[in-house]
Amino acid sequence: MNRLANKVALITGAGRGIGAAIALAFAREGAAVVLAELDIETAQRTARDIEVACRTSGVPGANGVSATSDGSGPAASGAKVLAVQTDVTQSASVQHAVREAENAFGAVDVLVNNAGINVFCDPLTMTDDDWRRCFAVDLDGVWNGCRAVLPGMVERGAGSIVNIASTHAFKIIPGCFPYPVAKHGVIGLTRALGIEYAPRNVRVNAIAPGYIETQLTHDWWNGQADPAAARQATLDLQPMKRIGRPEEVAMTAVFLASDEAPFINASCITVDGGRSALYHD
Ligand SMILES: NC(=O)c1ccc[n+]([C@@H]2O[C@H](COP(=O)([O-])OP(=O)(O)OC[C@H]3O[C@@H](n4cnc5c(N)ncnc54)[C@H](O)[C@@H]3O)[C@@H](O)[C@H]2O)c1
């Protein structure tokens, strides 16, 4: 508890899944959290869940100030939470979210670029629209986030950015194009910006999750001819015979965002139960 005390964190795509788990974990560690999410209803629901969870666990909250879920008033828990409708594909929308965060809680210390979508196609039958919407969210969205917070972080000489990549950034599954191309780009962006701003004490790192149990994964299974068989096939591929939980990615995000990782920069931590180290299926 309190590993992120006095920090302000903005998490994109925090309405559900890995982003929601990161927002909750950050709040439990004392951060003020801004849920920058396309689907505002899920973000508001997650904000309420965080307030309840922090009230239940007695988290004091950053600076011990009362919480807000929509900027409209204090809540009973110690958490500081704000939900902001945000489309990461639009630079102006992300900049608006950062301004809202600053107005509510102060300068953004931590950015988690988590929002992402699966676009899995055969390369030669993929449409131009498939290519564009994949890159718009999965790569442009990450850059839009970085560009919105970096000037302030550079000026203050402190900051941590965590980009949620994927093991698709290192391994290719046929028929999943162009998602891995965008995720390779996320690693490139992480390394480039990490080096660029290291002299100003701004760290930029990535997390590469393997299979994690979220709606995204369920949607993929449900899109297969036999969803139950697809799920079982996924589990059979895992060294630990299970897939990961969003909380297990969130733990790594807490570490990278915190002052416990001051010399980790331009790096990527894989969270996949060892799957990407396995040579044979
Ligand atoms: N679940 C996995 O197995 C897995 C594995 C590796 C990497 N990832 C990555 O983790 C991240 C989160 O994945 P998840 O499984 O939690 O997905 P999810 O679909 O459950 O959640 C993604 C969230 O992002 C939001 N979002 C989508 N487009 C957005 C936009 N333009 N602007 C703002 N928000 C937007 C969605 O509304 C949703 O709330 C993604 O970047 C994904 O590529 C997931």
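Both counts, for ligands and for their atoms, begin at 1 and track the order of listing. Heavy atoms only: backbone and side chains are in, while hydrogens, waters and symmetry mates are out. The chain is numbered in sequence order, starting from 1.
Contacts with ligand 1 closer than 4.0 Å are made by no heavy atom of N118, backbone or side chain. Contact annotation for N114 and ligand 1: heavy atoms of both the backbone and the side chain come within less than 4.0 Å of the ligand. Counting heavy atoms closer than 4.0 Å to ligand 1, residue A20 contributes nothing at all.
At a 3.5 angstrom cut-off on N or O pairs, A36 does not count as close to ligand 1. Checked against a 3.5 angstrom limit, the closest N/O atoms of T217 and ligand 1 fall inside it. Polar contact check, I18 against ligand 1: a nitrogen or oxygen pair lies under 3.5 Å apart. Considering backbone and side-chain N/O of Y179, one or more are found under 3.5 Å from N/O of ligand 1. Not a single N or O atom of T89, backbone or side chain, sits closer than 3.5 Å to an N or O atom of ligand 1. Annotation: G19 places no N or O atom under 3.5 Å from an N or O atom of ligand 1; distance criterion only. At under 3.5 Å, a nitrogen or oxygen of E37, whether backbone or side chain, sits near a nitrogen or oxygen of ligand 1.
In plain terms, the two heavy atoms of I173 and H168 that are nearest each other are CD1-CE1, 3.9 Å. Summarising the geometry of N114 relative to T12, their closest heavy-atom pair is N-OG1, 2.8 Å, with the distance given to 0.1 Å. Summarising the geometry of L139 relative to G185, their closest heavy-atom pair is CD1-C, 3.5 Å, with the distance given to 0.1 Å.
Ring centroids of F120 and Y179 are separated by less than 6.0 Å, placing the two rings close together.
The protein atom (non-hydrogen) at minimum distance from atom 32 (N) of ligand 1 is V88 N, 3.0 Å. Regarding atom 23 (C) of ligand 1, its nearest protein heavy-atom neighbour is G13 O, 3.5 Å. The protein heavy-atom contact nearest to atom 6 (C) of ligand 1 is P209 O, 3.2 Å. Nearest protein heavy-atom contact of atom 27 (C) of ligand 1 is I117 CG2, 4.1 Å. In terms of protein heavy-atom proximity, atom 34 (N) of ligand 1 is closest to L38 N, 3.4 Å. Among all protein heavy atoms, the one lying closest to atom 18 (P) of ligand 1 is R16 NE, 3.4 Å.
Summarising the geometry, atom CG belonging to L10 is positioned 9.0 Å from atom CG belonging to L82; distances are rounded to the nearest 0.5 Å. From D138, atom CG reaches atom CD1 of I164 across 12.5 Å, with rounding to the nearest 0.5 Å.
The 12-atom threshold is exceeded at CD of Q224, counting heavy atoms of other residues, nucleotides or ligands nearer than 6.0 Å.
Under a 4.0 Å N-O distance rule, the pair K7/D259 qualifies as a salt bridge.
Proximity of K183 to ligand 1 is established by a heavy-atom distance of less than 4.0 Å. A heavy-atom separation below 4.0 Å is found between A165 and ligand 1. Ligand 1 lies within reach of D87, whose nearest heavy atom is under 4.0 Å from it. Residue contacts with ligand 1 include G210, since one of its heavy atoms falls under 4.0 Å from the ligand.
In summary, of the residues considered (R242, R16, R231), a salt bridge (Lys or Arg N to Asp or Glu O under 4.0 Å) with E213 occurs for R231 alone.
In this structure a side-chain-to-backbone donor-acceptor pair under 3.5 Å is present from E37 to D39. The backbone N or O of G152 sits less than 3.5 Å from a side-chain atom of R156, completing a donor-acceptor pair.
Per-residue contacts place I164 under 4.0 angstrom from the following atoms of ligand 1 (heavy atoms of the residue considered): 9 (C), 10 (O), 11 (C), 41 (O). Listed by number with element, the atoms of ligand 1 under 4.0 Å from a non-hydrogen atom of T86 are 32 (N), 33 (C). Atoms of ligand 1 lying under 4.0 Å from any heavy atom of I212, numbered from 1 in the order shown and given with element: 1 (N), 2 (C), 3 (O). Those atoms of ligand 1 with a heavy atom of Y211 less than 4.0 angstrom away are 3 (O).
The nearest non-hydrogen atom to atom 15 (O) of ligand 1, considering only V94, T214, V271, comes from T214. Closest to atom 22 (C) of ligand 1 by heavy atom, among G145, A97, G116, is G116.
Listed by first then second residue, pairs satisfying side chain to side chain donor-acceptor pair (under 3.5 Å) with a partner in residues 196-208 number zero, not counting sequence neighbours. Applying the side chain to side chain donor-acceptor pair (under 3.5 Å) definition to pairs two or more places apart or across chains, those involving residues 96-113 are N113-N163.
Side chains of T125 and D122: a donor on one and an acceptor on the other come within 3.5 Å. Between the side chains of T127 and D129, no donor-acceptor pair of N or O atoms lies under 3.5 Å.
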